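Notes follow once the structure below has been shown.
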Amino acid sequence: MMALVDCNNFYASCERVFDPLLEGQPIVVLSNNDGCVIARSQEAKDLGIKMGTPAFEIRELIEQQGVQVFSSNYTLYGDMSARVMETLRQFSPHVEVYSIDEAFLDADGLPGGSEPDALLRWGQELRATVRRHVGIPVGVGIGPTKALAKVANHIAKKHPQHKKVGVFVLDGHKREEILQNFPIGDVWGIGRKHAERLMQQGASTALAFTQLPESWVKQHMSVVGQRLQRELRGQSCLSLELVAQAKQNICTSRSFPDMLEDVELIREAVSTHASRCAFKLRREGSCAGALTVFVHTNRFKENEPQYANAQTLLLPQASADSRVLVRAALRGLDMIYKKGYRYKKAGVIVSKIVPRLQVQQDLFASSEENSRLMKVMDSLNSRYGQEKVRVASLGYAKDWRLRREKLSPCYTTSLAEVLLVRG
DNA sequence: TCTGGGGTCCTAGGACCC
DNA sequence: TCTGGGGTCCTAGGACCC
């Protein structure tokens with residue numbers, strides 16, 4: 001058996017942990033530059049606020065209903081996530097961190113046994129402990145496969161009868177009955193396109209999907225659909241991934257709060273994105289063999305001239321050195337930047353990623369690599385703050401940096417911002 | 001006025017090899 | 001008119017996830 005633990009309304013719940021007055025209030029958390037709604041408390045969902053809605057479209061509703069608004073604070077959410085995951089490790093020796101707010105746990109061989117009742121108690125204990133230790137409410141779904149654990153989790157969070165308990169165990173006997181009432185569009189791995197297609201085929205429930213001929217599923221949904229079909233039938237095809245794999249691509253990109261024409265500012269932004277990609281590579285112990293830089297104008301401004309382009313450069317030798325990647329990114333930018341457009345977004349993607357210790361040396365390249373310098377830089381920055389020591393071209397201009405007007409403090413990661421309790 | 005930022009996997013088809 | 005058989009590698013594009 002496998003358990004899926006999923007934090008409820010994670011970002012909104014993180015904000016709530018540090019301000020009890022927010023209990024019972026509608027909360028939304030906005031994307032970078034305070035653009036779109038990316039998280040909502042239950043109360044905000046009940047007001048009909050949809051995921052991805054631009055903030056300006058619901059300005060009135062926010063005022064009328066007293067919705068509490070936050071800029072996203074990934075430093076806070078990342079740290080809270082780590083605390084949740086740490087707590088989960090007390091409940092199972094095998095934990096796969098699936099996303100910032102979700103984890104799969106091996107629920108076999110638990111001390112209490114694998115009977116449905118025992119699993120239910122285990123789930124409740126887990127849920128209460130996370131709540132007590134970290135302050136975050138979670139839902140727990142338990143089933144024979146990952147896909148069925150996802151179904152169970154959905155029921156634990158949405159079903160009126162099970163919501164209060166917050167834990168649902170989907171054991172073999174109940175499988176068909178539950179899948180019969182489970183809409184196909186809510187199934188993990190079925191997106192909008194496949195949901196439409198399946199409805200046309202008459203498969204509007206998860207159960208009906210499991211009953212379609214495998215050949216049809218293979219033809220229209222590839223082996224991915226086939227695996228999902230088997231998972232829902234109770235045959236495990238997706239195992240726990242206990243060790244996070246090194247990434248194959250790493251991307252750092254941002255929209256600008258306002259549109260930008262000045263190439264110097266865009267160069268600062270691109271330098272910063274490249275340098276952050278380099279940092280992410282070093283943190284993983286990887287190097288990148290190629291780098292792509294891209295820019296585009298604002299696609300929502302239909303009456304303005306539009307331009308989008310990207311340039312990929314192969315590096316002579318795979319690298320995670322900020323200076324090397326920044327230089328490559330600026331060279332790429334020079335190749336695609338066109339004067340006269342107002343740019344909205346720029347980004348850098350690194351690819352052809354290899355482990356640091358497997359980098360193919362270049363016989364003819366003069367090695368500019370100096371990993372010791374990068375190590376010193378990283379340790380200084382971890383002590384004194386992000387980018388205190390940096391490549392000069394990252395600059396200091398404020399114009400292109402994020403707009404975050406409703407940012408909460410970094411309660412758990414910055415001594416200066418620790419919550420003050422008055423006696 | 002204002003519209004996010006990351007990722008993965010799979011397949012088909014082209015270019016190439018012997 | 002007829003035109004082999006077996007591979008690999010790479011990329012773009014689609015679909016999905018959080």
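Here is the naming used below: chain letters follow the sequence lines, and residue numbers restart at 1 for every chain. Keep in mind it's a predicted model, so treat the numbers as computed, not measured. Excluded from the calculations below are hydrogen atoms, water molecules and symmetry mates; all remaining heavy atoms, backbone and side chain alike, are included.
In this structure, A:Arg59 reaches the bases: a heavy-atom distance under 4.0 Å links it to at least one base atom across the strands shown. A:Thr53 comes within 4.0 angstrom of no nucleic acid atom, judged by non-hydrogen atoms across all strands. Counting non-hydrogen atoms under 4.0 angstrom, A:Ile100 reaches nothing in the nucleic acid.
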Applying the Watson-Crick and G-U criteria (both distances under 3.5 angstrom) with [ ] for crossing and | for other-strand pairs, one obtains for DNA chain C ....||||||||||||||
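Stacking of A:Arg342 on the aromatic ring of A:Phe256 is not recorded, the 6.0 Å distance cut-off and the 45° axial limit not both being met. Geometrically, A:Lys344 does not engage A:Phe300 in a cation-pi contact, judged by NZ or CZ lying under 6.0 Å from the ring centre and within 45° of the ring axis.
Rounded to whole Å, the distance from CG on A:Asp258 to P on B:dT3 is 9 Å. In this structure, A:Lys218 places its NZ atom 13 Å from C1' of B:dA12, rounding to the nearest Å. For A:Tyr98 and C:dC18, the OH to P distance is 5 Å, given to the nearest whole Å. Across the protein-nucleic acid pair, A:Glu304 atom CD and B:dC2 atom C1' stand 14 Å apart, rounded to whole Å.
A donor-acceptor contact closer than 3.5 angstrom links the side chains of A:Tyr77 and A:Glu15. Side-chain N/O atoms of A:Gln180 and A:Thr205 include no donor and acceptor closer than 3.5 Å.
Of the charged side-chain nitrogens involved, at least one lies within less than 4.0 Å of a carboxylate oxygen, so that A:Arg16 and A:Glu43 count as a salt-bridged pair.
Taking the nucleotide of DNA chain B with the nearest heavy atom to each of A:Ala55 and A:Ser253, the more 5' of the two is matched to A:Ala55. Comparing A:Arg403 and A:Asn33 against DNA chain B, the residue whose closest nucleotide sits nearer the 5' end is A:Arg403.
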